[in-house]
Amino acid sequence: MMISREQLKSAESAVKSFHVNDHSGHGWDHIIRVRNLSLKIAHIEGIENLHLIELLSLLHDAGDDKLHESKQGAEFFLRNIISELGMNEAEQSWLLNELKSISFRNRHIYTGTIESKIVSDADKLDAIGAIGIGRAFTYGGANGVKLHSQKRDESTVISHFDEKLLQLKDQMHTKTAYKIAVERDRFLTLFKDQFLNEWNGKK
Ligand code: ADP
Ligand code: NI
C-alpha cells in the first residue's frame with residue numbers, strides 16, 4: 001500500500017500527544033527511536049516501502065491495551081486514528097491487521113508483511129542494549145519494582161532480564177536486526193553479570 005506524506009503527518013499529530021504524556025516506557029522518544037531504527041533496517045534489507053514502515057512505527061503502540069483503560073478503548077482509539085487517514089474500508093482493516101501483527105503477544109494470531117516484521121524487530125531492539133536497560137529501570141521506578149531480590153520467585157527489574165529481555169535476540173525476523181541484537185544482548189549480559197557481582201560483594 002502506498003502511504004502519502006499527508007497521511008504520515010496526520011498519523012503523527014494524532015499519536016504524539018498520547019505518547020508525550022506516557023510514563024510506562026512508551027514515550028514519544030520510544031516511537032522516534034523505533035521509526036529511525038526501522039528505517040535503518042529497511043534500508044540495509046533493501047525494502048522500499050519506507051512510508052509504510054514509518055506509518056507502522058508511528059502507530060505501533062497506539063492500540064496497546066496496557067496504555068488504555070480497556071481493550072475496547074485501545075481498539076477504538078486506534079480505529080479512530082486510522083479512519084482519519086482517508087483509506088477505504090479494506091485498506092483500514094488491512095492496516096489494523098498489520099499493526100496487530102507487530103505486538104509480541106499476537107505473534108501466533110496475525111502474520112504481517114516484511115514491513116511490520118521490521119517494525120517489530122526495531123521495537124524489540126529498543127528493549128535491549130543500553131537503552132533497554134535504561135527503559136527497564138525507568139519502568140521499575142515508575143511501577144515500584146525492586147532492583148533485585150535474593151528470593152527466586154520475586155519479580156524484579158533484574159529478573160525481567162531473564163524473563164523477557166535476554167530472549168528477544170532470538171525472536172528477530174530479519175538478519176540485520178539479529179546482528180544489532182547480538183551486540184545489544186552481549187551488553188545486557190555484561191551489565192547483568194557486573195550488577196550481580198556488585199550485589200554479591202564480588203566486585
Ligand atoms: P512492549 O510494549 O514493547 O511490548 P512492554 O510494555 O512490555 O513493551 O515494556 C515497555 C518497557 O518497559 C520495555 O523496555 C520493558 O523492558 C520495560 N518493562 C516492562 N515490564 C517490566 C518489568 N516487569 N520490569 C522492568 N522493566 C519492564
Ligand atoms: Ni513499542
Side-chain angles (χ1 to χ4, degrees), residues 11-12 14-16 18-41 53-71 73-75 77-78 81 96 98-110 112 115-149 151-173 177 180-181 184-185 187-189 191-192 195-196 199:
E12 174 164 339
V15 290
K16 191 167 177 178
F18 173 68
H19 287 287
V20 163
N21 296 317
D22 178 274
H23 297 285
S24 70
H26 302 88
W28 183 239
D29 60 314
H30 165 65
I31 305 299
I32 297 299
R33 284 192 304 272
V34 169
R35 182 184 65 183
N36 294 344
L37 202 47
S38 298
L39 290 173
K40 178 176 152 176
I41 295 168
I53 297 232
E54 204 164 338
L55 183 66
L56 295 170
S57 302
L58 287 168
L59 300 183
H60 86 273
D61 274 333
D64 189 328
D65 307 352
K66 290 187 269 46
L67 312 184
H68 293 270
E69 308 238 317
S70 64
K71 209 173 151 75
E75 179 127 355
F77 181 71
L78 184 57
I81 295 171
L96 192 64
E98 279 291 285
L99 288 163
K100 287 186 176 173
S101 80
I102 294 173
S103 154
F104 179 71
R105 270 169 294 154
N106 287 335
R107 69 194 185 288
H108 299 304
I109 312 172
Y110 301 91
E115 285 85 359
S116 63
K117 290 195 167 89
I118 286 176
V119 175
S120 163
D121 281 358
D123 193 30
K124 282 177 273 170
L125 284 173
D126 203 52
I128 58 179
I131 299 225
I133 294 172
R135 286 179 78 207
F137 284 98
T138 303
Y139 179 98
N143 294 283
V145 182
K146 279 189 203 167
L147 291 184
H148 176 53
S149 163
K151 292 187 211 137
R152 274 189 138 263
D153 53 358
E154 192 173 5
S155 235
T156 67
V157 176
I158 290 297
S159 76
H160 183 65
F161 279 51
D162 292 321
E163 287 153 14
K164 181 168 178 188
L165 305 185
L166 289 167
Q167 294 171 32
L168 294 177
K169 166 174 68 75
D170 294 318
Q171 289 160 12
M172 297 296 158
H173 300 288
I180 303 172
R184 294 189 180 198
D185 183 84
F187 190 70
L188 279 186
T189 306
F191 176 89
K192 191 187 130 194
F195 184 101
L196 292 176
W199 186 278

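None of these values were measured; they are calculated from a predicted model. Every number for a ligand or one of its atoms is a count from 1 in the order of the listing.
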| At a 4.0 Å threshold, what atoms of ligand 1 neighbour a non-hydrogen atom of Ala136? | 25 (C), 26 (N)
| message | So, of the N/O/S atoms that His30 has, which is the nearest one to the Ni ion (ligand 2)? | response | NE2
| task | Using distance alone, determine whether Lys164 and ligand 1 share an N or O pair under 3.5 Å. | result | yes
| said: Between the Ni ion (ligand 2) and Asp123, which N, O or S atom of the residue is the nearest one? | reply: OD1
| said: Please check: side-chain N/O of Asn143 versus main-chain N/O of Val145, any donor-acceptor pairing under 3.5 Å? | reply: no
| query | Which ligand 1 atoms, with their elements, are less than 4.0 angstrom from a heavy-atom of Asp123? | reply | 3 (O)
| field | Glu98 bridged to Lys117 by N-O distance under 4.0 Å | value | no
| message | Before we go on, tell me: are the rings of His30 and His60 under 6.0 Å apart, centre to centre? | response | yes
| request: Would you name the heavy atoms of Phe18 and Asp61 that are closest together and state the gap between them? | output: CE2-O, 4.2 Å
| said: Taking backbone and side chain together, does Asp61 place any N/O/S atom at a distance below 2.8 Å from the Ni ion (ligand 2)? | reply: yes
| Do Thr156 and Ser149 meet the criterion of a side-chain donor-acceptor pair at a distance under 3.5 Å? | no
| remark: On a heavy-atom basis, the closest approach of Leu59 and Ala11 is CD2-CB, 4.0 Å
| field | Location of contacts on Leu165 toward ligand 1, heavy atoms closer than 4.0 Å | value | side chain
| message | Using the side chain to side chain donor-acceptor pair (under 3.5 Å) definition, which of the options Ser57, Ser38, Ser101 pairs with Ser116? | response | Ser101
| said: Can you tell me if, anywhere in His26, an N/O/S atom lies at a distance from the Ni ion (ligand 2) that is smaller than 2.8 Å? | reply: no
| message | Using a plain distance cutoff, I'd like to know if His26 has any nitrogen or oxygen under 3.5 Å from a nitrogen or oxygen of ligand 1. | response | yes
| task | Decide whether an N or O pair under 3.5 Å exists between His160 and ligand 1. | result | yes
| said: Under the side-chain contact (heavy atoms from CB on, under 4.5 Å) test against Val119, which residue among Ile41, Ile53, Leu55 passes? | reply: Ile53
| field | Mutual orientation of the aromatic rings belonging to Trp199 and Phe195 [parallel < 30°, tilted 30-60°, perpendicular > 60°] | value | parallel
| query | At the 4.0 Å heavy-atom cut-off, does Asp64 count as touching ligand 1? | reply | yes
| query | Lys66 to ligand 1: N or O pair under 3.5 Å? | reply | yes
| Which is the closest N/O/S atom of His60 when seen from the Ni ion (ligand 2)? | NE2
| task | Over all heavy atoms of both residues, which pair between Lys192 and Ile158 is shortest? Give the atoms and the distance, please. | result | CG-CG2, 4.4 Å
| message | With a cutoff of 4.0 Å, is Glu163 in contact with ligand 1, counting heavy atoms of the residue only? | response | no
| message | Tell me whether Lys124 reaches ligand 1 (any heavy atom closer than 4.0 angstrom to a ligand atom). | response | no
